[in-house]
Amino acid sequence: MAHTWEQILTEHKTTMLQIEDLHVSYGGIRAIKGISIDVGSREIVCLLGSNGAGKSTTVRAISGLETPQSGNILFAGKSIKGWAPHKIQRLGLVHVPEGRKIFANLTIRENLLMGAYHTRDKVVLRQLFERVYDTFPILASRSGQLGGTLSGGEQQMLAIARAIMSRPRLLIMDEPSLGLAPMIVANVFEIIKRIRDEGVTIFLIEQNVNVALKIADYAFLLENGVVSLEGPGYELIEDERVKQAYMGGGRSNN
Amino acid sequence: MSSQRIFRKDFNSTTKIRNKVLTLLSVIVLLGFLFYADRNLDAYSVRILQNIAIFIILAVSYNLINGIMGQFSLAPNAFLAIGAYTSAIFTLSPEEKLRSFIIEPMIWPLSQISLPFSLSLLIAGIVTAFVALLMAAPVFRVRGDYLAIVTLGFGEVVQVLANNLVSLTNGSLGLKGLYPFTNLWWAWGVCIFTVFCTVRLVNSSYGRAMKAVREDEMAAEAMGINAFRIKTFTFAFSAFFQGVAGGLLAHLITTISPSLFTFMFTFNLLIIIVIGGLGSITGSILAAILITWGGEALRVFEEPSTFFGFHYEGIPGMRMVIFSAILIVVMIFARGGIMGRYEFTWDGLFHWFKRKLLILGI
């Protein structure tokens with residue numbers, strides 16, 4: 001055996017992403033007021049919050065689109081605060097943006113190639129294509145079609161597939177369920193679970209609390225720029241405060 | 001497996017070789033035509049052919065920025081001016097410089113230099129690309145309409161400089177007596193080279209990155225693309241060819257002055273790439289040919305003629321009226337331009353032929 005149990009355990013427990021006391025503000029308005037979040041390696045960690053809670057700002061700060069005022073962001077033990085987005089992406093921290101943001105006038109194949117922009121090795125590229133087409137057969141059969149001609153659910157699949165093409169270690173998904181039919185949402189979350197099982201850490205930003213907490217290993221609740229609640233997914237799903245905030249008042253209605 | 005099918009299409013080497021042979025053959029046919037034209041056509045037609053080649057270079061390299069990368073630049077007249085002046089300064093003989101710089105003598109090292117045409121074109125391209133590199137940092141801080149205004153301003157600045165740096169450009173008198181080096185072979189040689197380089201670039205991963213920047217800059221950055229670097233590189237690449245085209249143009253018309261490189265030049269190019277279809281290289285080439293040749297062909301409407309017993313005096317300026325009407329019709333019925341975003345490919349041609357044959361039932 002190459003690994004001792006301790007090694008395997010520590011490997012399993014390592015933190016992939018660590019946010020320490022992060023502050024972000026836009027033009028005088030403080031959007032994030034000192035949050036600390038740990039994302040364990042090979043876990044699905046969920047960030048919940050209603051509109052304006054600061055979820056997207058957090059994500060933008062992590063992927064380098066916004067410069068934080070203070071605090072630190074560590075990715076695999078390395079500070080990436082203030083790095084340019086394209087450099088962060090090359091480390092393996094890949095962002096599936098909100099609203100999918102696929103390239104509508106590029107073919108599906110070209111969209112996927114954009115994900116693998118830094119992969120020059122043809123053999124690796126071929127393996128990546130095979131992996132992605134296995135997970136998303138619909139993309140294989142339509143590879144020559146323009147991205148914009150896909151349905152909403154298929155576009156979300158394409159956005160996820162494109163992210164996988166860049167061989168991520170951590171995948172940040174910003175509202176993958178946005179604007180999708182419930183059946184498609186279930187499908188997307190099934191795929192997210194499968195990607196986690198393949199060894200990719202997932203940081204999930206969601207408003208669809210019910211579905212998200214079912215697959216989350218750990219979750220944070222963001223309210224007005226601060227973390228108000230955290231815990232394992234199965235605990236939060238029972239928590240009164242979460243129910244209060246998202247499920248129309250929870251038990252008090254009964 | 002479905003994924004297997006997709007790879008077969010990409011790695012099919014016989015069609016690749018076939019396409020290369022066909023491309024080579026069409027270049028040979030084009031060269032054959034030029035050889036014929038050079039010997040048999042009159043000076044007027046040859047001149048139109050040379051103009052067409054220069055406009056293809058300009059349109060294709062301009063389309064790279066505006067169409068393929070989606071950055072609304074209005075700078076080509078500036079690049080053209082820089083290229084034209086640079087190459088002209090380097091080919092003029094010291095005696096000619098002494099004779100034409102009557103306001104102020106030319107500054108020293110340049111007044112003595114006289115280089116061969118090929119070298120001057122290369123220098124023109126490099127100088128223009130270098131200016132574009134310097135410009136990229138301030139220019140690409142803004143996008144969309146703002147980018148258009150900043151580049152438009154740059155064009156004006158270059159024109160003002162050409163007017164006022166008298167010891168370098170001879171001011172508003174311009175440079176005269178350039179030797180007409182530009183012949184069919186120079187113009188079309190550079191033209192073929194430009195199209196070849198541009199097609200290769202667009203089909204590379206850099207080309208895909210440009211399109212990604214056009215579609216959604218934020219998503220492109222999220223894919224690990226350094227948008228600023230891509231923009232800067234493309235700007236310099238395009239400026240290089242526009243500078244060379246400027247050199248060719250200067251040695252075709254043999255007299256250059258600041259008033260030649262007004263915004264109208266950019267405007268004409270913009271019409272060409274929009275008519276051809278923003279983002280389509282094929283479209284840019286077709287539109288450059290149509291508009292350069294068509295502008296001349298429409299001259300018949302300005303000359304007196306008789307058809308069906310009806311005598312027509314010919315109205316000066318009628319050409320532009322008809323031209324504008326055609327522009328309007330094209331924009332109404334083919335909003336994406338002649339080619340839209342499609343490109344001519346041999347595969348596409350064969351596919352089209354097969355479909356036609358099927359319809360005919362053969």
Side-chain angles (χ1 to χ4, degrees), chain A residues 59-60 63-65 84-120 122 125-126 129-134 136-144 146-148 159 162-163 165-166 172 174, chain B residues 1-13 16 66-70 140-141 202-233 277-280 283 335-337 339-343 345 347-348 351:
Chain A
V59 173
R60 288 175 66 84
S63 51
L65 294 164
H86 60 95
K87 283 190 179 153
I88 292 173
Q89 194 267 359
R90 288 191 82 165
L91 287 180
L93 196 162
V94 180
H95 182 184
V96 182
E98 185 182 352
R100 311 185 269 274
K101 301 256 166 114
I102 58 149
F103 304 119
N105 283 310
L106 263 59
T107 65
I108 288 162
R109 209 188 121 74
E110 284 174 323
N111 264 283
L112 292 173
L113 276 171
M114 286 320 305
Y117 183 64
H118 294 293
T119 308
R120 293 289 138 95
K122 281 220 166 129
L125 209 58
R126 207 169 158 159
F129 264 113
E130 260 161 25
R131 179 177 163 197
V132 161
Y133 283 159
D134 268 355
F136 307 96
I138 186 87
L139 300 181
S141 56
R142 301 194 177 174
S143 72
L146 293 185
R162 186 180 63 180
M165 289 295 284
S166 32
I172 300 181
D174 201 349
Chain B
M1 276 300 291
S2 51
S3 58
Q4 228 62 44
R5 190 170 57 86
I6 284 138
F7 288 120
R8 192 150 31 97
K9 196 180 157 199
D10 291 318
F11 289 93
N12 198 335
S13 56
K16 266 190 179 171
N66 276 35
I68 288 160
M69 205 168 58
F140 286 125
R141 294 177 72 90
V202 169
N203 290 333
S204 73
S205 65
Y206 254 64
R208 273 194 301 277
M210 288 171 199
K211 288 181 194 161
V213 168
R214 172 187 73 198
E215 296 292 313
D216 191 320
E217 198 169 326
M218 203 205 93
E221 293 241 305
M223 293 294 100
I225 293 163
N226 187 343
F228 178 74
R229 218 180 80 179
I230 289 281
K231 285 182 192 171
T232 309
F233 169 79
L278 277 172
S280 168
R335 207 151 297 172
M339 292 297 290
R341 267 183 186 158
Y342 295 100
E343 293 289 357
T345 56
D347 291 340
H351 190 75

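Numbers restart at 1 for each chain; the letters A, B, ... are given by sequence-line order, proteins then strands.
Taking a 6.0 Å sphere around CZ of B:Phe228, one finds it holds more than 12 heavy atoms contributed by other residues, nucleotides or ligands.
A:Ser63 is linked by a side chain to side chain donor-acceptor pair (under 3.5 Å) to A:His95, counting only residues two or more places apart in sequence or in another chain.
Of the residues considered (B:Glu215, B:Met218, B:Glu221, B:Arg214), B:Glu215 shows the highest number of contacts with chain A, using heavy-atom pairs under 4.5 Å. Ranked by heavy-atom pairs under 4.5 Å with chain B, the list A:Met165, A:His118, A:Arg100, A:Met114 is led by A:Met114. Between chain B and the options A:Ala116, A:Pro97, A:Pro85, the largest number of non-hydrogen pairs under 4.5 Å is found for A:Pro85.
Heavy atoms of A:Arg120 lying under 4.5 Å from chain B belong exclusively to its side chain. Contacts of A:Ala104 with chain B are made by both backbone and side-chain atoms, with heavy-atom separations under 4.5 Å.
Distance CG/A:Leu112 to OG/A:Ser143: 8.5 Å, rounded to 0.5 Å.
Counting only residues at least two apart or on different chains, no salt bridge (charged side-chain N to carboxylate O under 4.0 Å, His left out) pair has a member in residues 84-99 of chain A.
Both the sub-6.0 Å distance and the 45° axial angle are satisfied by A:Arg162 relative to the ring of A:Phe103.
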